[in-house]
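Worksheet: one structure, shown below.
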Amino acid sequence: MIAIIVSGVRLRSIAVAILLYAIDAVVAQPVTGIKLNDNAIAFATQLIKEGHFAADGKGAHRPSADQENEFIRLHGFGEYAKWHLAVDERYAENTKRRYKFPYGDFSNVHRCGLLAARSRAAEYRYHDVEDAAVRLIQTIAQKKQ
């Protein structure tokens with residue numbers, strides 16, 4: 001009788017382990033539709049070369065929602081997109097949801113924003129975004145010297 005109970009517990013444990021592994025594999029998959037924003041990478045690189053970056057400053061690197069809305073009102077979504085390392089093509093072009101991985105405050109590239117983007121991109125396995133953030137961080141480091 002005890003052998004039957006132990007056998008049943010083992011089978012359930014194995015089933016739970018397989019289920020958890022399958023869930024982890026599904027959750028860990030990157031969302032399709034996220035693409036590297038090449039225009040933003042070029043724009044950030046140019047800003048850094050011109051000295052428009054904050055290497056280790058204090059304070060927030062990301063504008064408030066009101067500041068974002070005002071920037072979009074004045075400059076449009078095309079300029080807004082340049083401040084984000086990736087684009088989520090599942091959303092319309094004229095929505096803030098489309099633009100992912102912000103890295104600056106509409107005037108300077110912030111190293112802390114790039115560090116946050118690198119970390120989040122690595123977490124969700126967006127390797128191209130992660131690599132781009134690393135390259136921009138290295139560009140800031142070279143410019144500081």
Side-chain angles (χ1 to χ4, degrees), residues 6-145:
V6 170
S7 177
V9 169
R10 283 186 189 150
L11 280 174
R12 287 187 189 106
S13 296
I14 292 170
V16 168
I18 291 171
L19 179 63
L20 290 174
Y21 179 77
I23 289 171
D24 181 55
V26 169
V27 170
Q29 294 298 315
V31 176
T32 57
I34 300 284
K35 293 180 96 175
L36 187 64
N37 185 351
D38 293 323
N39 290 336
I41 306 306
F43 182 65
T45 302
Q46 185 62 35
L47 286 171
I48 294 167
K49 288 180 179 177
E50 293 173 358
H52 297 286
F53 64 89
D56 291 311
K58 304 255 191 262
H61 70 275
R62 187 169 179 189
S64 69
D66 288 339
Q67 290 169 325
E68 287 181 339
N69 292 338
E70 183 65 11
F71 184 86
I72 291 167
R73 188 182 71 73
L74 294 173
H75 304 284
F77 277 98
E79 290 297 311
Y80 180 76
K82 291 180 183 179
W83 290 95
H84 297 80
L85 298 179
V87 174
D88 188 340
E89 294 183 331
R90 297 175 300 162
Y91 300 105
E93 287 185 29
N94 61 343
T95 61
K96 291 197 296 187
R97 288 183 83 180
R98 181 176 175 91
Y99 306 102
K100 308 293 183 188
F101 302 99
Y103 63 84
D105 62 4
F106 302 135
S107 55
N108 291 304
V109 175
H110 285 258
R111 182 175 174 270
C112 58
L114 293 171
L115 292 170
R118 180 191 69 189
S119 176
R120 195 161 47 105
E123 178 182 353
Y124 290 102
R125 299 181 183 172
Y126 300 125
H127 300 296
D128 53 348
V129 176
E130 179 185 8
D131 293 342
V134 167
R135 286 192 308 273
L136 290 168
I137 292 165
Q138 291 170 344
T139 303
I140 288 175
Q142 291 170 352
K143 184 71 176 173
K144 275 177 49 176
Q145 296 173 352

With sequence neighbours left out, what residues match Ser64 under side chain to side chain contact (heavy atoms under 4.5 Å, CB included)?
->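 Partners of Ser64 by the side chain to side chain contact (heavy atoms under 4.5 Å, CB included) criterion, ordered by chain and then number, come out as Asp66, Gln67.
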Any side-chain heavy-atom pair of [X] and [Y] under 4.5 Å:
X      : Y     : result
Lys96  : Ile72 : yes
Leu136 : Leu85 : yes
Tyr99  : Phe77 : yes

Which side-chain hydrogen bond (donor to acceptor under 3.5 Å, both in side chains) pairs, counting each pair once, include a residue from residues 34-44, with sequence neighbours left out?
->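 Passing the test, one end in residues 34-44: no pairs.
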Give the minimum heavy-atom separation between Val134 and Arg118, together with the two atoms involved.
->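 Shortest heavy-atom contact: CG2-CD, 3.4 Å.
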I'd like a table of donor-acceptor pairs (distance under 3.5 Å, sequence neighbours excluded) in which one partner is a side-chain atom from residues 40-51, with atom names and distances.
residue: Thr45; atom: OG1; partner: Ile41; partner atom: O; Å: 2.8
residue: Gln46; atom: NE2; partner: Glu50; partner atom: OE2; Å: 2.9

From [atom1] ([X]) to [atom2] ([Y]), nearest 0.5 Å:
X     : Y      : atom1 : atom2 : answer
Trp83 : Asp105 : CH2   : CG    : 6.0 Å
Ile34 : Tyr124 : CD1   : OH    : 11.0 Å
Tyr80 : Glu93  : OH    : CD    : 14.5 Å

Any pair with a residue in residues 69-85 that passes salt bridge (Lys or Arg N to Asp or Glu O under 4.0 Å), sequence neighbours left out, goes on the list, sorted by first then second residue, please.
->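 Pairs touching residues 69-85 that pass the test: Glu70-Arg73, Glu79-Lys82.
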Any salt bridge (Lys or Arg N to Asp or Glu O under 4.0 Å) pairs touching residues 132-145, not counting sequence neighbours?
->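 Matches after skipping sequence neighbours: Asp56-Lys144.
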Side-chain (Asn108) to main-chain (His110) donor-acceptor, under 3.5 angstrom =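 Pair absent, no side-chain N/O of Asn108 close to backbone of His110.
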Look at the side chain of Arg98 and the backbone N and O of Tyr91, then say whether any donor-acceptor pair between them is shorter than 3.5 Å.
->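 A pair under 3.5 Å: yes.
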Partner residues of Phe53 under the ring-ring contact (aromatic ring centres under 6.0 Å, His included) criterion, sequence neighbours left out |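 Partners of Phe53 by the ring-ring contact (aromatic ring centres under 6.0 Å, His included) criterion come out as none, since no residue qualifies.
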Would you please test Arg97 and Arg90 for side chain to side chain contact (heavy atoms under 4.5 Å, CB included) and show each step?
-> CA-CA 9 Å; Arg97 288 183 83 180; Arg90 297 175 300 162; over 6 Å; no
